[in-house]
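I have placed the structure first, in the form of structure tokens, so that the comments after it can refer back to it.
In what follows, every chain begins at residue 1, and chains take the letters A, B, ... in the order their sequences are listed. Just so we're clear, the structure is a prediction, and the values are computed from it rather than from any experiment.
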Amino acid sequence: MIKVDNVVKTFGGFRAVDGASLEIRQGAITGLIGPNGAGKTTLFNVIAGVLKPTSGKVTMMGEDITGLPPHDLFHKGLLRTFQIAHEFGSMSCRENLMMVPGNQSGESLWNTWFGRKRIADEERALRAKADEVLEFLTISHLAEQKASQISGGQKKLLELGRTMMVDAKIVFLDEVGAGVNRTLLNTIGDAIVQLNKERGYTFVVIEHDMDFIGRLCDPVICMAEGKVLAQGTLAEIKANEQVIEAYLGTGLKNKDMVGA
Amino acid sequence: MDLLNAFITLSNFVIIPAIAYGSQLALGALGVTLIYGILRFSNFAHGDTMAFGTMVTILFTWWFQHLGLSLGPFPTALLALPFGIAGCALFVLLTDRAVYRFYRVQKAKPVILVIVSMGVMFIMNGVVRFIIGPDDHNFGDGERFIISARTFREMTGLEEGLAIRTSTGITVVTAVVVVALLFWFLNKTRTGKSMRAYSDNEDLALLSGINPEKVVVVTWVIVAALATVAGTLYGLDKSFKAFTYFQLLLPIFASAIVGGLGSPVGAIAGGFVIAFSEVTITYAWKKVITYVVPESMAPDGLVQLLSTDYKFAVSFIILLVVLLFRPTGLFKGKSV
């Protein structure tokens, strides 16, 4: 579905992504793991259009999307969340969700004055949808709360909720689990699986929690030093010598549980 | 002791002029604050944007007067105002296309945009003087007073008169209407919310369905409208002179910063704080004091704290004090 072909991104002299190539299968939940500084987030940023690659190509279903601005990619169904949750602080959680879909008729100044009925209908539908999403994420009680006032974990849920406001095709989740407690992490995991099964979202997940990766992801891709080291099931990755060297560490070689 | 006459004098020379001036500053500061909050730079060209919009309004006023169009007791400028806004919006959008967009695409630092806006300021300043000349223009017509001092004296039998000029009345009413519309727009409409979203978190806004270029265009149009309205009201109240508008930049920035840059409510509060301080400090209090204290204690001098020549010093001092002690302003804007 997404093909990353020999992407390089340098910052000054530093090669954050150094010729990474990978393919993301439609309908899969792909895990992206690797040590800090491996270039995972940079690669996300390149794919999502936040950064332009120094060289290389990104295609989505055969179409070249290299360097397209984020809001264009958004309209193509490519969404991402942030490692550190972002929110529109001055708005309520419900409004945060209602902001997401683009091309609303209320965006035109003309309609603001002369298309009130259409806007009202649209807003009602959006509001219902936003409430549905909040319900799904078990945070209905936060609908009226200002987004700047909710907890870090709840912000992560809100991030995920944002992707549910539109018909996303592929969603890139950057460390959804970071700073989130177990119970909430399970809720997030359940939500991801459900979205994947019921709505056919393709997911790519950056995560350090191997339990979480093991439960959700197949295949798993391991990056280190800007390159793709290995790809396969988690078991295969865990057994890979290079991966152990670069990321998991030799000490964990014979243990069942890795990471966490 | 004559408190009633003292109060009338105070209203006539301090309260009413300060309310009118405060409304004009508030409208100006709203423009500055919107640019700061959404486009993230301090727009030094704002004073000259006001001058440009006012100039277009004046040109249309003259044309309408030539055609014999008028609004009866109201100034013809009100009829010309929409055209002024449209002209100003067009000019500002062209500037954005030609200049600011280049830096926005590069994600230039705010300080670079500030310097760029200074360049734009000089060009706009030149354009305005080139078209309408550097001189003073009075373009107010229609009824001069809602209540003149003499009518007031005859009505009440008081010694002091209270004059309310048409321009003052129009200023206050227009300011209230414009501010109400702006707040409704920012809080209730989708476009307004997109603007707030963009101001809250640009990164996230870019990764949602919000089209940044559209937000930028709408912001400029609103800012042009606010600037033209503020400039026209100021011109009706006093007179139009390109250089005066350039000088207005200081009290306008002081208002925006005192209120908290990026906060629309702050801009309004700041406008009135600056206006009231400026007017009260430069007012000669002799008359009011003479009414209030016993005759033997009446002052000989003018009791004027600062000559009107130094009125800009007032905004300067307030600006410095706020920046030193409360850099985010009264209403917790973004720190400068």
Side-chain angles (χ1 to χ4, degrees), chain A residues 44-45 48-52 69-75 77-82 84-92 95-113 115-116 118-120 122-123 126 146-148 155 158-159 162-163 165-166 168 171-172 174, chain B residues 33-34 37-38 82 85-86 89-90 93 101 104-107 181-225 260 262-266 331-334:
Chain A
F44 262 33
N45 281 334
V50 180
L51 297 171
K52 279 197 171 54
H71 72 270
D72 281 352
L73 293 173
F74 173 89
H75 289 298
L78 189 156
L79 274 64
R80 71 161 295 184
T81 67
F82 291 92
I84 299 156
H86 281 40
E87 74 284 336
F88 300 130
S90 71
M91 297 181 190
S92 72
E95 279 180 313
N96 260 269
L97 292 179
M98 287 171 66
M99 279 315 296
V100 176
N103 289 335
Q104 295 180 20
S105 45
E107 268 172 48
S108 116
L109 277 183
W110 176 261
N111 282 333
T112 303
W113 297 97
R116 319 263 341 181
R118 180 139 49 107
I119 295 174
E122 228 176 68
E123 295 245 304
L126 266 181
K146 270 201 179 168
S148 56
K155 282 180 188 173
L158 195 60
E159 288 259 295
R162 212 168 267 130
T163 66
M165 288 300 292
V166 285
V171 180
F172 291 82
D174 196 348
Chain B
T33 242
L34 281 181
I38 294 161
I85 292 174
L90 208 65
L93 285 176
R101 191 163 73 159
R104 192 165 54 245
V105 171
Q106 295 186 333
K107 293 200 179 295
L181 275 178
L182 180 70
F183 278 84
W184 168 77
F185 183 79
L186 287 178
N187 289 313
K188 295 283 175 225
T189 69
R190 164 75 190 186
T191 318
K193 283 182 190 166
S194 304
M195 287 168 66
R196 279 170 52 213
Y198 196 77
S199 163
D200 271 2
N201 192 329
E202 191 181 354
D203 290 334
L204 182 57
L206 288 177
L207 291 175
S208 315
I210 296 167
N211 181 348
E213 285 303 314
K214 207 166 183 177
V215 170
V216 170
V217 166
V218 172
T219 307
W220 278 119
V221 169
I222 291 174
V223 166
S263 152
V265 183
F331 285 84
K332 284 260 174 256
K334 298 170 185 175

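- To the nearest 0.5 angstrom, B:Arg196 atom CZ is 6.0 Å from A:Glu95 atom CD.
- Rounded to the nearest 0.5 Å, atoms CE (A:Met99) and CG (B:Asn201) are 11.5 Å apart.
- Side-chain contact between B:Arg190 and A:Ile119 is absent, with no heavy-atom pair separated by less than 4.5 Å.
- One distance of note links CD of A:Glu123 with OG1 of B:Thr189; it measures 9.0 Å at 0.5 Å rounding.
- The shortest side-chain heavy-atom distance between A:Arg162 and B:Leu204 falls under the 4.5 Å cut-off.
- Between the CG atom in B:Asp203 and the NE2 atom in A:His86 there is a gap of 4.5 Å [rounded to 0.5 Å].
- Only the side chain of A:Phe74 comes within contact range of chain B, with at least one heavy atom under 4.5 Å from a heavy atom of that chain.
- Taking CD1 from B:Ile210 and NE2 from A:His71, the interatomic distance works out to 10.5 Å, rounded to the nearest 0.5 Å.
- Of the listed residues A:Gly89, A:Ser148, A:Ser90, A:Ala48, the one with more heavy-atom pairs under 4.5 angstrom with chain B than any other is A:Ser90.
- With a threshold of 4.5 angstrom between heavy atoms, A:Val50 approaches chain B through side-chain atoms but not through N, CA, C or O.
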